[in-house]
Each structure stands twice: as C-alpha cells, then as structure tokens.
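Here the structure is laid out as structure tokens; the discussion comes afterwards.
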Amino acid sequence: MKRDNPESILTEGALAGCLVGALAALAEFAFHALRHAPTLLPSLLPPMLVLSIVYWGVVGLLVAIVWRAFRRAGIRKFMGERFAPALIAGLAIALTVHTALMTHVLGALPRPWSSLLFGAALACAPLFALGLHRLRRGRGLRPRLQFAIVTTLIALSLPLALIPERGAATGAARGGQPGAPSGGSTENRESNRGPSVLLVVFDTMRYDHIGSAGYARPTTPVIDRLAAEGAVFERAYAPSSWTLPSTASILTSRYPSSHGVTSPASALSDEITTLPALLRDAGYRTGLFSGNPLVEPNFGFGNGFSHVFTPSKPLMLGLFYLPRYWKRTFGRLPGMPPHDELTVRYESMWRPHVKQEWIRGGRLEAELFDWIDENASTPFFAHVQIMEPHDPYEGTGRFGPVGVSEKPYSVGAGLHPFDGRQRVSADEQRIMVDRYDDDVLEADRVLGDIVRGFEARGLQDDTWIVVTADHGEEFWDHDGWGHARTLFDEVIRVPLLIHGGGTLPRRISALARLIDIAPTVLAIAGHDVPAEFAGTDLLPVVLGNADSTGVREAYAELWKNPVRRADALVTSGGRKIIRARDGGSEQIYLFDLFADESESVDRAPEHAAEAASLLEQLDRIAIEAGANGVRSDADLDAETRRRLKSLGYIE
C-alpha cells in the first residue's frame with residue numbers, strides 16, 4: 001500500500017477541502033432551488049462556488065496540518081492512512097446538516113440546548129469521517145466511491161427545504177386550508193367576519209420627506225391621498241432607530257427591552273403573543289410579505305403568520321457569520337460588539353447587484369394578490385414591509401441623477417456622540433438625498449399599485465389600511481448618516497396614518513407610537529386587547545369619538561451592548577430627553593420640540609432641574625419596559641438589572 005508522506009498530506013487536504021466546498025455549494029443551491037427562493041438568482045452560483053471552495057480549501061489545509069501533527073505523534077495506526085480528507089468531508093456533512101436544522105427548523109435555541117446541539121454536530125464529524133475512511137479503504141474505485149458518499153450525505157439536508165420556515169404555520173398543521181385557525185368552522189367565521197387590514201411598513205422612511213407632512217417635493221402622492229381621506233398622526237414615534245426592534249414592537253405592542261429583540265443576534269421568542277397570532281386564531285388569514293431580510297421567520301417574525309414570503313439567504317451564511325454564530329451558540333463573547341461590520345461586508349459579496357438581497361416592492365405586490373385571490377371571502381391581515389427607501393439609494397432621474405449612492409462609511413456599532421463620523425461633501429450629500437427621495441417615490445408607487453389592486457377587486461370598502469415606517473434616516477442632521485446610531489427625531493419620528501371604515505379625515509397632534517398599532521388593529525377587528533400589550537387603542541380618536549390619544553410619553557431605546565446604549569423619552573408637552581452611555585461616559589440632551597423641531601439647541605446645561613425630572617420619568621418607563629422582558633440570545637439584562645437593583649426592585 002502506498003503510504004502518504006508529510007509533503008503530500010497538506011496538498012491532499014487542501015484538494016479534498018476544495019472538492020467538499022464545491023459539493024456543499026451545489027447542495028446549497030439545490031436547497032434554495034427547492035424552496036423557490038425569490039432572491040437566490042442563478043448569477044449567485046459562481047460566487048457561491050468560489051467562496052465555498054476557498055473556505056473549505058482553507059479548512060482542509062488546517063485539518064491536514066493537524067492530522068500531520070497527529071501522524072508524527074504516532075496516532076496514524078489508530079486512524080489509518082490518509083484520514084485527513086475523510087475528516088474534512090465528515091466536518092462538512094455535520095456542519096451542513098446542523099446549519100440547515102438551525103436555520104430552517106429549530107431556529108435560535110436557548111442555551112444550553114444550542115451548545116449541546118452544536119457539540120453533537122462536532123462529535124458526529126469524526127464518526128462520519130471514520131465511516132467514510134473505512135468505506136474508502138474497503139474496495140477499489142476509491143475516489144468515485146468517496147465522491148458518491150459525500151454527495152449523498154450532504155444531500156441529506158435537502159429534504160429540510162420542504163419544511164416550512166420556523167414560525168410559519170401551515171394548513172396541514174391545523175387540519176384545514178391554509179390560513180384556517182385552530183377551531184371553528186368556515187361558516188361561523190364568515191358570519192362574524194371583521195374587516196380586512198393591510199399594514200404597510202416602509203423601511204427607512206423619514207416623516208419629513210412626505211408631502212402630507214409638508215415636504216416640498218411630490219415624493220408621496222399616494223400616501224398624501226390616503227392621508228387626506230384618513231386619520232394622520234403628526235407626532236408618531238418608533239421605539240428604536242432600526243428595523244428589528246421596531247418591527248418586533250409593531251407586532252407585539254412591547255418595547256424592545258420587553259420583547260428582547262435588541263441586537264442582530266436576537267430573535268423574537270415564540271412565547272410572546274403577537275398581533276398576527278391573535279388575528280389568526282380569530283379567523284383571519286394572516287400573511288407576511290417582507291422585502292427585508294431581517295423581517296423573516298429566522299428572526300422570529302413568522303409567529304402567527306399562516307403565509308410567509310420573505311428573502312431567502314444562503315445557508316452557509318450561518319457558518320460564515322462567525323461572530324453572530326458564536327453568540328447565538330455560546331452567548332456574548334467578551335469584547336465583541338453585537339453587530340460586526342465584517343459580516344455585513346461578507347454578505348454583500350453574495351448580492352452583486354443593487355438590492356438583490358431584498359425583494360422589490362413589485363414582487364411583494366404580486367405575491368400579496370396571489371395570496372388574497374386564493375380565498376377572497378375570508379378576512380385577512382397582511383403585513384407588507386417595503387424596502388425601497390433603504391440604502392443604497394437608487395436614483396431614477398426624477399429627483400436625483402440616475403445611479404446608486406452607496407454607504408459613505410461603515411456604520412458598524414457607532415453610537416452618537418461617542419463615535420465621530422466623517423461628513424461628505426455638500427454635493428455628494430445633496431445627491432444622496434435626491435436619490436433617497438427617488439426611492440421614497442418608488443415605494444409610494446408600490447403602495448399605489450396595491451391600493452389600485454384592492455379597488456379592482458372591490459376590496460377597498462372592507463379593508464383598513466395602516467401606513468407607517470419602522471424608522472427614519474439621518475442625513476447629517478446630527479453629525480452622521482444612516483440609522484441605528486442616534487435617537488433624534490429624524491430616525492424615530494415616523495409617518496402613521498389609518499384609512500378605512502368610518503375614519504374621519506383629520507390630523508391628530510397628540511402623541512402616538514408604533515406599539516399602539518397592534519391594539520388599534522385588534523380593535524378594528526373587534527378583538528379584545530390582551531393585558532400584556534403596552535400600547536393604546538387609537539381607534540376612538542381615529543373615528544372621532546375622542547379628542548386625544550391619551551398617550552403621555554413615547555419611549556425609545558438603542559442597544560449596542562450592555563455598556564453601550566441609549567434611550568430617549570418624548571412627552572406630550574413637547575419635551576424630549578436623550579441619554580447615551582458608553583461604559584462610564586454619559587451624555588444627556590434636552591430639547592423643546594415645539595420651539596426647536598430640528599433639535600439644534602441642547603437645553604440640558606441650563607435646565608438641570610428639568611433634565612433631572614425627565615430622567616426620573618425615563619428611568620421609570622425603562623424599568624417598566626424591561627421588568628417583564630423575555631430572554632433572547634442577546635445579553636439584554638445587564639444594564640436593566642443594575643438599574644433595578646439601584647432603585648430597590650431586586651436584591
């Protein structure tokens with residue numbers, strides 16, 4: 001028998017890794033083809049192959065180096081000759097199946113179960129390797145036999161492609177047609193049917209770039225028409241300045257520290273009561289149509305939806321998102337921020353064209369009406385998340401030049417005022433805003449197509465429409481760009497309008513919040529509001545039966561890690577306080593929004609007593625929000641526990 005030598009081991013290991021990488025990429029592509037992934041285009045197969053081959057080639061080389069050390073230590077008699085390629089194949093099989101389970105079936109398991117499952121996968125790798133190694137040594141045609149075995153075992157993950165996304169219910173699971181709730185006949189549901197509700201969430205839409213809010217450009221003709229016919233809330237606030245926490249708050253009527261979705265490493269718990277789950281059980285068909293890759297079942301947003309249409313990402317992102325993957329499995333690693341910009345840069349390699357990582361609004365509209373037309377006689381709740389206003393901004397020539405404005409710098413884990421940002425030139429800034437307005441106009445056009453689709457089907461009289469945004473966008477209003485780094489009004493003040501039924505055309509100056517949407521939709525559907533919902537039913541003021549929302553304060557929070565965070569409070573009297581913390585450093589801002597809408601004059605230094613009073617209110621609502629919080633994968637409780645202990649709530 002020909003013996004391997006130290007020089008050939010490394011070459012053999014690297015080549016075996018490259019072969020495994022090619023097989024894994026092909027299996028990955030087949031997996032998503034079976035799922036009819038809307039954003040996994042054939043053009044992505046070449047970069048998938050290249051990246052997978054390079055990755056597993058490096059892994060193969062590392063395994064070969066370790067195996068050579070074992071061989072020199074005299075362990076080769078136990079493992080046999082040329083064990084390194086088999087170990088590489090076994091590792092690929094184990095991690096591919098594990099990632100498929102975690103991504104599409106189990107989701108983010110709580111510790112210690114996630115750690116045990118990952119340990120079991122690693123333990124299976126040498127077992128697979130031993131089996132492959134023995135089979136290869138048994139007979140001839142070794143390369144072909146090994147190729148067939150590896151291909152077969154990796155393909156074992158493909159049946160997972162036929163399993164619905166975690167959190168998305170199926171008709172079979174409930175013993176009825178898609179969208180049927182548990183219990184109750186169709187006849188009973190139709191005799192007590194409520195109106196349908198369409199919730200449209202624009203991603204990254206500033207309140208002050210809407211025509212009905214006074215913007216000079218005609219960016220939102222459809223929104224403006226709906227606003228003229230419905231109830232418009234002029235002072236509506238998001239509970240955070242980025243997508244995950246804000247969208248979770250819309251669906252749960254909880255603040256972020258309560259529902260636990262505060263970082264990219266966290267997911268909405270299935271234990272939390274959601275708006276779509278309540279409506280589904282009341283007889284509604286519930287559908288999620290999201291263009292945003294964050295608003296999908298892997299982050300817990302499938303809870304309560306009987307139909308889900310969201311972006312599908314390559315499975316291998318679960319392996320390559322190493323910082324996030326480690327956090328989800330083993331908890332927060334010391335010194336690592338919750339959001340690693342390198343993972344974002346890596347992900348962008350998979351999406352070579354503008355916005356291919358998202359589903360465009362036109363595709364969402366088509367899927368929405370295909371779903372509605374399946375059973376138009378049953379009331380529905382549809383959540384549509386439109387991504388067009390999000391960066392990169394794509395100019396169409398209406399307001400800005402044709403082309404794309406990319407990120408001017410890496411946002412990362414920045415937190416104002418502890419991270420300085422470089423200002424771009426005035427011309428570049430103007431072009432970015434112009435192209436952003438083009439995207440806002442495109443998002444408005446999608447809404448117009450949806451409204452016309454309702455009218456063509458005769459659904460407009462029996463459908464309520466709620467239009468809002470998850471957060472805004474900063475264009476150097478406060479020394480920076482983007483979102484998820486400040487809590488100024490440009491990123492947390494959002495549009496909110498309600499149109500339908502007996503809505504009175506009116507503009508409402510009282511405070512409103514995104515957490516108020518779920519109670520209001522339940523009221524529209526004639527459903528009781530659960531006690532755990534923190535929001536307020538806005539329907540009385542929408543129908544003209546009340547003069548004010550009764551909301552006295554709006555709260556927002558932004559988590560970067562346990563010692564790096566910010567929170568803010570807006571009062572009905574127009575006062576706003578922002579507190580930003582970075583370790584032992586703290587910065588307080590106080591504004592009078594009625595006199596200083598742009599938040600340009602900080603009143604905190606000259607009004608210390610007023611600031612102290614508002615800080616007490618801020619602490620109170622922050623403690624209330626986090627006291628009954630649901631645990632998630634992110635380490636969310638360190639700061640809350642400190643505050644609870646200092647105020648005597650816990651020992």
Side-chain angles (χ1 to χ4, degrees), residues 164-165 167-174 176-201 226 230 247 250-251 273-291 295-297 301-310 359 361 363-386 446-468 497-501 503 517-527 539:
E165 292 282 1
T170 62
R174 291 187 302 274
Q177 65 188 42
S182 55
S185 66
T186 302
E187 291 77 8
N188 289 336
R189 290 196 309 275
E190 290 185 357
S191 63
N192 297 293
R193 62 169 290 163
S196 295
V197 180
L198 170 70
L199 170 62
V200 177
V201 180
L226 294 176
T247 305
I250 291 173
L251 296 177
T273 301
T274 66
L275 170 64
L278 292 171
L279 291 176
R280 180 196 63 198
D281 293 340
Y284 276 71
R285 300 170 66 212
T286 54
L288 172 63
F289 304 86
S290 170
V295 183
E296 52 97 28
F301 290 105
N303 184 2
F305 287 107
S306 58
H307 179 86
V308 172
F309 181 77
T310 60
I359 303 177
R363 180 71 186 275
L364 295 178
E365 175 213 344
E367 292 291 332
L368 169 67
F369 284 117
D370 284 347
W371 174 71
I372 289 175
D373 292 342
E374 289 176 1
N375 187 1
S377 62
T378 302
F380 63 83
F381 169 72
H383 176 161
V384 181
Q385 192 102 359
I386 299 176
V446 173
L447 175 61
D449 290 343
I450 293 174
V451 171
R452 284 187 288 273
F454 283 160
E455 293 171 348
R457 290 165 173 79
L459 299 174
Q460 71 277 12
D461 293 335
D462 199 29
T463 302
W464 288 66
I465 300 177
V466 180
V467 177
T468 189
L497 71 88
I498 300 177
H499 177 281
T503 306
I517 289 178
T520 304
V521 172
L522 288 177
I524 291 171
H527 194 289
L539 190 58

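Just so we're clear, the structure is a prediction, and the values are computed from it rather than from any experiment.
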Got a sec, which residues hit side-chain contact (heavy atoms from CB on, under 4.5 Å) with Ala518, two or more places apart in sequence or on another chain?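 Here the qualifying residues are Ser253, Leu275, Phe533.
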With Asp370 via side-chain contact (heavy atoms from CB on, under 4.5 Å) - residues at least two apart: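 Partners of Asp370 by the side-chain contact (heavy atoms from CB on, under 4.5 Å) criterion come out as none, since no residue qualifies.
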Is the His307 to Phe289 ring centre distance short of 6.0 Å?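 Centroid separation for His307 and Phe289: below 6.0 Å.
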Applying side-chain contact (heavy atoms from CB on, under 4.5 Å) to Val467 and Leu198, what does each step give before you reach the verdict? CA-CA 8 Å; Val467 177; Leu198 170 70; over 6 Å; no
Does [X] reach the main-chain N or O of [Y] with its side chain, forming a donor-acceptor pair under 3.5 Å?
X: Ser196; Y: Pro379; answer: no
X: Thr286; Y: Gly304; answer: yes
X: Thr503; Y: Gly500; answer: yes

Rounded to the nearest 0.5 Å, how far apart are [atom1] of [X] and [atom2] of [Y]?
X: Ile517; Y: Ile250; atom1: CD1; atom2: CD1; result: 5.0 Å
X: Leu522; Y: Leu279; atom1: CG; atom2: CG; result: 5.5 Å
X: Leu226; Y: Leu447; atom1: CG; atom2: CG; result: 5.5 Å

Are [X] and [Y] close enough that some pair of their side-chain heavy atoms sits under 4.5 Å apart?
X: Val201; Y: His383; result: yes
X: Leu288; Y: Phe301; result: yes
X: Val446; Y: Leu364; result: no
X: Leu278; Y: Tyr284; result: no
X: Asn375; Y: Thr378; result: yes
X: Thr310; Y: Ile359; result: no
X: Arg452; Y: Ile450; result: no
X: Leu199; Y: Val384; result: no

With Glu365, which residues qualify under salt bridge (Lys or Arg N to Asp or Glu O under 4.0 Å), at least two apart?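 Here no residue qualifies.
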Parallel, tilted or perpendicular, judged at 30° and 60°: which one describes the rings of Phe305 and Phe381?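 Judged by the thresholds at 30° and 60°, the geometry between Phe305 and Phe381 is parallel.
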side-chain contact (heavy atoms from CB on, under 4.5 Å) between Leu539 and Trp464: does it pass, once the steps are laid out? CA-CA 12 Å; Leu539 190 58; Trp464 288 66; 3.9 Å; yes
Test side-chain contact (heavy atoms from CB on, under 4.5 Å) on Phe454 and Ile372 and set out the steps. CA-CA 10 Å; Phe454 283 160; Ile372 289 175; 3.6 Å; yes
Output, in order, the C-alpha distance, side-chain angles, deciding distance and verdict of side-chain contact (heavy atoms from CB on, under 4.5 Å) for Arg285 and Arg280. CA-CA 6 Å; Arg285 300 170 66 212; Arg280 180 196 63 198; over 6 Å; no
Taking all atoms of both residues into account, what is the closest heavy-atom pair of Gly230 and His499, and its distance?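 What the structure gives for the nearest pair is N-CD2, 4.2 Å.
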